[in-house]
Amino acid sequence: RVEVAVPNPDGKIAEGLTTELHIPTEKTRAHLISPAVLTLSDAGALGVKTVDSNDTVRFHIVRLVADTADGLWVSGLPEEVTLITVGQEFVRAGQKVRPKVMAPPAPLGVPEDSHPIAGRSS
């Protein structure tokens with residue numbers, strides 16, 4: 001439970017207003033993902049499936065850090081990761097795959113056609 005007191009000596013701020021309060025906490029490395037890529041392990045753990053450098057599917061347990069309008073911020077992934085975004089429900093950890101790697105989306109606020117790698121796949 002948090003209680004906040006705001007000085008208002010001349011009464012310019014009306015009582016009963018709704019507001020947002022941001023409380024700084026520890027920093028956590030996180031990735032922004034679509035909630036559509038989340039999946040459950042056989043044991044019921046929440047996570048995502050990735051492809052490693054040997055084209056092998058890996059399951060990573062993730063922890064939800066924040067839920068925003070742009071997507072979910074999750075922790076628990078390596079710094080760089082190749083995330084399976086289509087077909088994750090059809091592959092299992094340890095399985096060899098032939099991934100089709102697509103160019104990342106344009107950064108937020110950048111028109112898609114001005115992104116330097118728009119339309120290319122690697």
Nearest heavy-atom neighbours spanning Ala30 and Val65: CB-CG2, 4.3 Å

Check Thr68 against Trp73 and note the closest heavy-atom contact, atom names and distance. CG2-CD1, 3.8 Å

Do the non-hydrogen side-chain atoms of His31 and Val81 ever get within less than 4.5 Å of each other? yes

Joint hydrophobic cluster, Leu64 plus Leu38, side-chain heavy atoms closer than 4.5 Å: yes

Beyond-backbone contact of Lys49 with Thr39, side-chain heavy atoms, under 4.5 angstrom: yes

Closest non-hydrogen atom pair between Leu17 and Ile13, with its separation: CD1-CG2, 4.0 Å

Summary of salt bridge (charged side-chain N to carboxylate O under 4.0 Å, His left out) pairs that have at least one residue in residues 10-22, sequence neighbours excluded: Asp10-Lys12

Ile33, Val62: one ILVMFWY side-chain cluster at the under-4.5 Å cut-off? yes

Check which hydrophobic residues are tied to Val91 through side-chain heavy-atom contacts below 4.5 Å, counting indirect links as well, and list them. Val51, Val57, Ile84, Val97

Test Arg63 against every option in Leu77, Val74, Leu46, Thr28 by the side chain to side chain contact (heavy atoms under 4.5 Å, CB included) rule and name the one that passes. Thr28

In the single-linkage hydrophobic clustering (I, L, V, M, F, W, Y; side-chain heavy atoms under 4.5 Å), do Phe90 and Val86 co-cluster? no

Minimum heavy-atom separation for Arg29 and Ser75, please, with both atom names. O-CB, 3.5 Å

Mind checking the OG-CG spacing from Ser34 to Leu83? Nearest 0.5 Å is all I need. 9.0 Å

Are the side chains of Pro99 and Asp55 in contact, using a 4.5 Å heavy-atom criterion? yes

Short side-chain to backbone donor-acceptor contact, Asp52 and Asn54, under 3.5 Å: yes

State yes or no: do Leu40 and Phe59 share one hydrophobic cluster built from I, L, V, M, F, W and Y residues joined by side-chain heavy-atom distances below 4.5 Å, directly or via other members? no

Who passes side chain to side chain donor-acceptor pair (under 3.5 Å) against Arg92, sequence neighbours left out? Asp42

Partner of Val37 under side chain to side chain contact (heavy atoms under 4.5 Å, CB included), chosen from Leu72, Thr50, Thr85: Thr85

